[in-house]
Enquirer: 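Below is a structure I'd like to ask you about.
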Amino acid sequence: MWKQVDKFVYEIPLGAKEGMRVPGRVFASETIFKQAEADKALEQVVNVATLPGILRYSLAMPDIHWGYGFPIGGVAAFDVDHGVITPGGIGFDINCGVRLLVTPLTEEQVRPKLGALLDVLYKEVPSGVGSEGFIKLSVRELDKVLEMGAKWAVEQGYGTFEDLERLESQGQLKGADASKVSKRAKERGLEQLGTLGSGNHFLEVQKVDEIFDEAVAKQMGLSLGQVTIMLHTGSRGLGHQVATDYIDVMLKASKKYGIKLVDKQLAAAPFKSEEGQDYWAAMQCAANFAWANRQVITDYIRKAFAKVFGNEIKDKITVIYDVAHNIAKLEKHMVDGMEREVVVHRKGATRSFPAHHPELPSIYENTGQPVIIPGSMGSSSFLLVGLPGSMEQSWGSTCHGAGRVMSRKEAIRKGNYGTLMDSLGEKGILVRSAERETLLEEAPEAYKDVDEVVHVVEELGLNRKVARMRPMGVVKG
DNA sequence: ATGTTC
């Protein structure tokens, strides 16, 4: 039923499955499309197309793979009045995202002290499943975190106000309402602010390996051989609990509002219903928690660098940008020649606004929004910018990473710890991690080729490449 | 992703 309609575009027509309201569309190369066919991800694209109020297409980015309800890499926009909101279109780790920092240091300066630096980073940034941070919040204070996001962290002395304008949505969604977050979710969040987590979350010391757009790279303060830091983490147990709580609410709401579910994991409520608005407010709280989390960790990273390279380095480590991967946003987009407000779900997908978009800070007004694409462990990461093509084709969205080809279990079964460590060692990459299994789960073999994923979004005109970063050292949970 | 089966 799926048909290639353009070089990197595959489509399934309306009517291929009963209940479809729009066609399905996947952005992929031939290799990537075949990988998507192998798991249930394509079927999930079709399932999403049946949700009420979905506009134009059920989309998937080239890092598509199987997820809960929506595929990971899934993007869908819904009519604000007649459409739905669904936790399955956002994910368990609400506002899982990536932040890129740049240091004034070169690879030559960092390499001799890399081992010591990673030891300090590993100690200063708590990681691992269930890890607790150095901050112990009262419920009252946590409520402020949930409603203020990264701004709370800056007001407490974690980083600077200049950091905030370089975060998607300035690190704060204004519709957050802490009273919509359960007691249990809050309990899980009380001791997890400033923690990295586990799985694919990481903190990486990198060097700029190649520059594709000199002018934009220069404007962003990046030059060849310069050391960058990439941080990938989300809303931890708090976001997970918000998702769990509201999936239950949505199952009941789906029944109540007569939403026919082809997959229970797509449980949804009308966006404007009470249930829809409650989740909307709680989801924004979890998103804010994640932005506060990355802001606090940014401060820890600066302090760790200061311990190894001297105090004056601290103020010279700047934020390039911070993007959300798992989130829903109210945005203005063109639909049939008219500007409309729509609810965009990005599930393992990154916002990718072009130059001159009103939501961009003045420093990126002419470059387009920075888009940060982490590769798999030990492979390169990319810095891209958004292009007008993303507004035309993908609701201002693009891919979010390499995307899995193996499940975590499969990766553990097929992987070999010694071989993995040898191959990282050969590349000169140092690793600090508590869990061997986490490293096996994240082995490069378990992921697609990030170069190919980025090639697809570039060829489609969603993004332009600015720079590629290679890892020097990795901290993982 | 996740106090990895409240």
Side-chain angles (χ1 to χ4, degrees), chain A residues 39 41 44 63-74 86-99 126-133 136-137 142 181-203 231-249 251 265 282-283 285-287 289-291 293-294 297 323-328 345-350 374 376-377 400-404 406-413 415 433-443 446-447 475-477:
Chain A
D39 63 14
Q44 293 188 311
D63 44 351
I64 177 173
H65 59 105
W66 184 88
Y68 181 93
F70 270 47
I72 290 156
T86 168
I90 292 160
F92 277 88
D93 189 4
I94 296 164
N95 191 5
C96 182
V98 199
R99 183 179 293 211
S127 62
V129 173
S131 57
E132 292 178 2
K136 314 289 178 198
L137 296 166
L142 177 64
V181 175
S182 72
K183 191 170 167 245
R184 193 169 175 193
K186 288 181 188 177
E187 274 166 6
R188 291 181 71 171
L190 287 176
E191 295 182 327
Q192 289 194 323
L193 194 62
T195 67
L196 191 61
S198 182
N200 65 0
H201 291 167
F202 65 81
L203 199 168
L231 167 64
H232 182 192
T233 184
S235 51
R236 311 286 288 104
L238 182 138
H240 194 276
Q241 191 62 48
V242 167
T244 306
D245 292 340
Y246 279 95
I247 283 167
D248 198 39
V249 171
L251 274 169
Q265 295 185 354
M283 186 274 297
C285 286
F289 185 85
W291 270 310
N293 192 28
R294 293 196 287 274
I297 293 176
V323 291
H325 282 163
N326 289 4
I327 203 159
H345 288 58
R346 298 194 178 95
K347 208 281 189 73
T350 313
S376 54
M377 184 174 59
H400 85 305
R404 282 192 169 275
M406 270 185 225
S407 69
R408 293 173 197 278
K409 261 189 185 162
E410 193 184 358
I412 292 169
R413 200 177 63 235
S433 174
E435 290 282 339
R436 287 186 172 209
E437 284 204 338
T438 307
L439 293 175
L440 284 174
E441 281 175 9
E442 298 303 316
Y447 282 84
V475 173
K476 289 193 71 72

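Quantities reported herein were computed from a predicted structural model and do not represent experimental measurements. Chain letters run A, B, ... following the sequence lines, proteins first, then strands; residues in each count from 1.
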Enquirer: Compare side-chain N and O positions of Arg184(A) against OP1 and OP2 of dC6(B) and report whether any pair is under 4.0 Å apart.
Expert: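 Arg184(A) to dC6(B) OP1/OP2: no side-chain N or O under 4.0 Å.
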Enquirer: Is there a donor-acceptor pair under 3.5 Å between the side chain of Asn326(A) and the backbone N or O of Gly348(A)?
Expert: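 Between the backbone of Gly348(A) and the side chain of Asn326(A) there is a qualifying donor-acceptor contact (under 3.5 Å).
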Enquirer: What residues form a salt bridge (charged side-chain N to carboxylate O under 4.0 Å, His left out) with Glu435(A), not counting sequence neighbours?
Expert: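 Salt bridge (charged side-chain N to carboxylate O under 4.0 Å, His left out) check on Glu435(A) returns nothing, list empty.
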Enquirer: Roughly how many Å is it from NZ in Lys409(A) to P in dT2(B), rounded to a whole number?
Expert: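 Answer to the nearest Å: 18 Å.
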Enquirer: Tell me: CD of Glu437(A) to P of dT4(B), nearest whole Å?
Expert: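 Roughly 14 Å, once rounded to whole Å.
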Enquirer: Taking Lys476(A) for its side chain and Gly199(A) for its backbone only, find out whether a donor-acceptor pair lies under 3.5 Å.
Expert: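 Judged by distance alone, yes, a pair lies under 3.5 Å.
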Enquirer: Check every strand shown and say whether Gly237(A) touches a base, only sugar-phosphate, or nothing at a heavy-atom separation below 4.0 Å.
Expert: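 The answer is sugar-phosphate, as Gly237(A) gets under 4.0 Å only of primed atoms, P, OP1 or OP2.
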Enquirer: Quickly work out the Asp93(A) CG to dT2(B) P distance and round it to whole Å.
Expert: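 That distance rounds to 6 Å.
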Enquirer: Categorize Ser235(A) for me: base, sugar-phosphate, or nothing, with a 4.0 angstrom heavy-atom threshold over every strand shown.
Expert: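 Ser235(A): no heavy atom of the nucleic acid under 4.0 Å.
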Enquirer: Return the value, rounded to whole Å, for the distance between atom NE2 of His240(A) and atom P of dT4(B).
Expert: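 So the two atoms are 9 Å apart, to the nearest Å.
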Enquirer: Atom CD of Glu410(A) and atom P of dT4(B): how far apart are they, to the nearest Å?
Expert: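 For the pair Glu410(A) CD and dT4(B) P, the rounded distance is 23 Å.
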Enquirer: Under 4.0 angstrom, heavy atoms only, what part of the nucleic acid is Glu441(A) near: base, sugar-phosphate, or nothing?
Expert: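 Since no nucleic acid heavy atom lies under 4.0 Å of Glu441(A), the category is nothing.
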Enquirer: Just how far, in rounded Å, is C1' of dT2(B) from CD of Glu187(A)?
Expert: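 Taking atom C1' of dT2(B) as the reference, CD of Glu187(A) is at 16 Å.
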Enquirer: Report the distance from atom CD of Glu435(A) to atom C1' of dT4(B), rounded to the nearest whole Å.
Expert: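 For the pair Glu435(A) CD and dT4(B) C1', the rounded distance is 10 Å.
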Enquirer: Whole Å only: how far is the CD1 atom of Ile94(A) from the P atom of dT2(B)?
Expert: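 Whole-Å distance recorded here is 12 Å.
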Enquirer: Is there a donor-acceptor pair closer than 3.5 Å between any side-chain N or O of Gln241(A) and the backbone N or O of Ala185(A)?
Expert: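 Checked: no pair found.
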Enquirer: Quick one: label Arg408(A) by what it contacts on the DNA or RNA (base, sugar-phosphate, nothing), any heavy atom closer than 4.0 Å.
Expert: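 Base: the residue Arg408(A), judged by heavy atoms under 4.0 Å, touches a nucleobase.
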